[in-house]
Amino acid sequence: MLCFTHVPPLPRFSTSGIYLPASRRFTSFRTRMSSSSSVDSVPPPPDNAIVLGCGGIAVDFLATVDSYPQPDDKIRSTSLKVQGGGNAANALTCAARLGLNSRLISKVANDSQGKGMLEELEADGVDTSFLVVSKEGNSPFTYIIVDNQTKTRTCIHTPGDPPMLPTELSQSSMFSALDRASIVYFDVRLHETALMIAKEASRKKIPILVDTEKKRDGLDDLLPFADYVVCPENFPQTWTEVSSTPGALVSMLLRLPKLKFVIATSGEEGCLMVQRASKAEVFESQETDIESLLETLKHRKDSTTTFPTCVSSETTKLKANGVGTVTGRLFLGTAEKIPPEELVDTTGAGDAFIGAVLYAICAGMHPEKMLPFASQVAGCSCRALGARAGLPHRTDPRLVPFLV
């Protein structure tokens, strides 16, 4: 079974026992674009790496407008596009284009939209044999209005009907879907089915990544099974009721003892990650205030580059006032600086980020490389309309420096 590989942090003390100054107690990662990097130098994807996802699938109707309408306005779209969507389906499409074997558990109806979704996923190499197809009802779909002025999008979702029930996934199908899986991913839709799969995956010791886009039914039941969590910046504070994002991340690790890392994404501002130290890395050290540590990392990040970077702390006791202490590392990742004329649509950027994280975990990338890689993949997706049109393949020249 493939698993996340941790790169040992820099030692806090020199071999002579002298305490190292702050300027030497941090590591950083910076992908360097060089003429020697080429598609031919990209290594093959992880052998037999399989990601199983359970969650949302939809048809997206994307309309671009010059500016978002006011109430009672009548406006014209500047373009219209129809393509597949849904968090889990998008993330698995991304993972498949990067080289993973992707399997999806979800539900569609036997209508033209459902058939189109299956064909699109299969064309990208996603295994759809575990999807439930209802003879009646409607497949899920979403109206998405993309504002060309603000580069924001508004989503109006209509769930599929009838909804998926756990009994529609037979035990034999679930066992087949989990067979040789390297990691399991949930977007917390279809939560009853997801919980059933999570229990079996946990029993088989298959790592689980949960996308906590927002508080949903069944989330609190599913999170204790998570090895990894990826979420938007505001989720940790909402879920823990801790006032700051760094403190809330510490709180999540304290509340969820199985959790190895949690990443909070913040769009063009990048991302923040806290990784729990392994048992071998736990040692006696002084506590470090996580808010102060974050400010130190902000001063150390490279603001001159356009491509994503990452700076990180050493392993230490991360203290959040009023919350507690967890031994681990803090990572600050930057996003790609996309020229305004190249930024088209942010729909599905978070799904692209998660698809890249799934790949990175299976490939054993250390966090200093994983975060810039995921940010680069998300940046690529923002250069086309919709969640999938801009998703890169692993041979994309923009990804080469992150993969060699």
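Every value quoted in this text rests on a predicted model; they were computed, and no experiment measured them.
Classification of the Phe141-Phe61 ring pair by plane angle, with boundaries at 30° and 60°, yields perpendicular.
For an aromatic pair to be called close, the ring centres must be under 6.0 Å apart, and Phe373 with Tyr359 satisfies this.
With hydrogens and angles left out, the side-chain atoms of Gln237 and Ser243 include no donor and acceptor closer than 3.5 Å. Counting only N and O atoms by type, the side chains of Ser170 and Ser173 include a donor and acceptor under 3.5 Å apart. Arg180 and Asn48 form no side-chain donor-acceptor contact under 3.5 Å, judged by distance and modelled atom types alone. Counted by atom type alone, Glu368 and Ser312 present one or more donor-acceptor pairs between their side chains at under 3.5 Å. Donor-acceptor pairing under 3.5 Å is lacking for the side chains of Asp161 and Asn138. Checked by atom type, the side-chain pair Asp66/Thr78 shows no donor-acceptor distance below 3.5 Å. Ser139 and Gln113 are not linked by any side-chain donor-acceptor pair at a separation below 3.5 angstrom, with hydrogens and angles left out of the test.
Summarising the geometry of Phe130 relative to Leu169, their closest heavy-atom pair is O-CD1, 4.5 Å, with the distance given to 0.1 Å.
In this structure a side-chain-to-backbone donor-acceptor pair under 3.5 Å is present from Ser182 to Ile50. Of the possible donor and acceptor atoms, none in the side chain of Arg300 sits under 3.5 Å from a partner among the backbone N and O of Thr296. Checking side-chain atoms of Arg329 against main-chain N and O of Ala277 turns up no donor-acceptor pair under 3.5 Å. Between the side chain of Asp187 and the backbone N or O of Asp211, no donor-acceptor pair lies under 3.5 Å.
In summary, Arg388 and Glu120 engage in a salt bridge, as defined by a charged side-chain N under 4.0 Å from a carboxylate O. The existence of a salt bridge linking Glu168 and Lys107 is confirmed by a sub-4.0 Å separation between a basic side-chain nitrogen and an acidic carboxylate oxygen. Between Glu336 and Arg383, at least one side-chain N (NZ, or NE/NH1/NH2) sits under 4.0 Å from a carboxylate O, which counts as a salt bridge. A salt bridge between Arg153 and Asp147 is absent, with no side-chain N of the basic residue lying under 4.0 Å from a carboxylate O of the acidic one.
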inquiry  = Please determine whether side-chain hydrogen bond (donor to acceptor under 3.5 Å, both in side chains) holds for the pair Arg255 and Ser251, giving the CA-CA distance in whole Å, both sets of side-chain angles, and the decisive distance to 0.1 Å.
reply    = CA-CA 6 Å; Arg255 296 186 188 192; Ser251 180; 3.2 Å; yes
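Between Leu209 and Val229, every side-chain heavy-atom pair lies at or beyond the 4.5 Å cut-off.
Within 6.0 Å of the CD atom in Gln171, the count of heavy atoms belonging to other residues, nucleotides or ligands does not exceed 12.
For the pair Lys204 and Phe175, the distance from NZ or CZ to the six-membered ring centre is under 6.0 Å and the angle to the ring normal is within 45 degrees.
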